[in-house]
Amino acid sequence: MVKGRFAPSPSGRMHLGNLCSGLLAWLSVRSQGGTMLLRMEDLDPDRCKEEYAVQVARDLEWLGLDWDEGYGAGGPNGPYRQSERSDIYAAAFETLRGAGLVYPCYCTRAERLAVSAPHPGEGEAVYGGLCRRRAPEELAELAATRRPAWRVAVSDREISFVDGLQGPVRENLVQDCGDFIIRRSDGVYAYQLAVTVDDGLMGVTEVVRGRDLLASTPRQLWLLEELGLSAPAYTHVPLLLSSDGRRLSKRDGDLDLSVLREKKSNRELTGFLACLCGLLPSPEPLSPTELIPLFSWQKVKRESLFVTSC
Ligand code: GLU
Ligand code: ZN
């Protein structure tokens, strides 16, 4: 049984890019007769609010994207707000710790940058493992003054998978990624751990999301394996860029749903998105349900999509 998911972060109103990934995730599931799940990724208490979550759900409904399980719908794998799943993440954290893979990191931001090698191609930093090599006395001293973040020690292995749209991907975790944080120093579990545990325990079989998360997938595949959870298939869809080449973000207020809903009907917006990502030759208005028979991954563009007007 196919099960896909929407996993929005309710840190503001959704924008066109979130909606485009959501539409493709939904079309993929619905065209296979699968189950759709909605999970609120509200881990960050400083940025996420319940009122935004309510609005995200309303905006999805407005567009005509429904879900069978999750936030507001219930189901056997809840709770469906990450902020209510700390016990579940704690158990996974202990499993990894029991396997000897977790260690405290006391580095300040400046130290982290100083001991990091640049990530080939992505401007991301690879953590060099400084805290893994600290002597016990030094660790005891640091523990008395600072609260650590927690990292997993990755295996020196190559992780490979075939992305549904981007093709084969290969990464050596030590060289390309390094030991990564699974729990912040304020106690909040990190995205990488939470998303992996949730996709695994909620029985998600396919993940469709923005290409900005392609680089996270090897980490998540490795964590799934270490936790004994089965891995979904991954498809990373193109990001939407503004005409000057910047990635759309929540800061592009003119393309968020509050403005778009004033300018366009739900069918107009669906048609516009479908045309943008390659499913329709012209932006004729239609509903997500009417798009199902026209959907095929073969038609969907792989490269970034420029949004010139909407
Ligand atoms: N919550 C993430 C976001 O809104 C998506 C995570 C995922 O799809 O894995 O960017
Ligand atoms: Zn450190």
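Remember, it's 1-based here, ligands and their atoms both numbered in the order they're listed. Nothing here was measured: the structure is a model prediction, and the numbers come from that model. In what follows, every heavy atom counts, from backbone to side chain, and hydrogens, waters and symmetry copies are set aside.
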Exercise for the section: Look only at the side chain of R134 and the backbone of L139, and say whether a donor-acceptor pair between them is shorter than 3.5 Å. Expected result: no

Exercise for the section: Answer yes or no for R5: is there a heavy-atom contact with ligand 1 below 4.0 Å? Expected result: yes

Problem - Side chains of D68 and T35, donor plus acceptor under 3.5 Å - result: no

Handout entry: Test item: R97 side-chain N/O and L101 main-chain N/O as donor-acceptor pair under 3.5 Å
Key = no

Practice task
For ligand 1, find out whether one of its N or O atoms is nearer than 3.5 Å to an N or O atom of A7.
Solution key: yes

Problem - Rounded distance [0.5 Å steps], CH2 in W297 versus CZ in R302 - result: 11.0 Å

Handout entry: Identity of the nearest option to atom 6 (C) of ligand 1, non-hydrogen atoms only, from M14, E41, R209
Key = E41

Exercise for the section: Indicate, as side chain, backbone, both or neither, the part of N18 found under 4.0 angstrom from ligand 1 when only non-hydrogen atoms are considered. Expected result: neither

Exercise for the section: Mind running side-chain hydrogen bond (donor to acceptor under 3.5 Å, both in side chains) on Y80 and E69 for me, showing each step along the way? Expected result: CA-CA 9 Å; Y80 295 99; E69 181 185 334; 2.6 Å; yes

Problem - Sub-4.0 Å atoms of ligand 1 with respect to non-hydrogen atoms of S9 - result: 1 (N), 2 (C), 3 (C), 4 (O)

Handout entry: Where ligand 1 meets V195 - atom numbers and elements under 4.0 angstrom, heavy-atom basis
Key = 9 (O)

Handout entry: Vertex the Zn ion (ligand 2), arms to Y127 OH and C107 SG, rounded to 10°
Key = 100°

Practice task
State which residue, out of K49, M40, Q55, fulfils the side-chain contact (heavy atoms from CB on, under 4.5 Å) condition with P10.
Solution key: M40

Practice task
Could you list which atoms of ligand 1 come closer than 4.0 Å to a heavy atom of Y191?
Solution key: 6 (C), 7 (C), 9 (O)

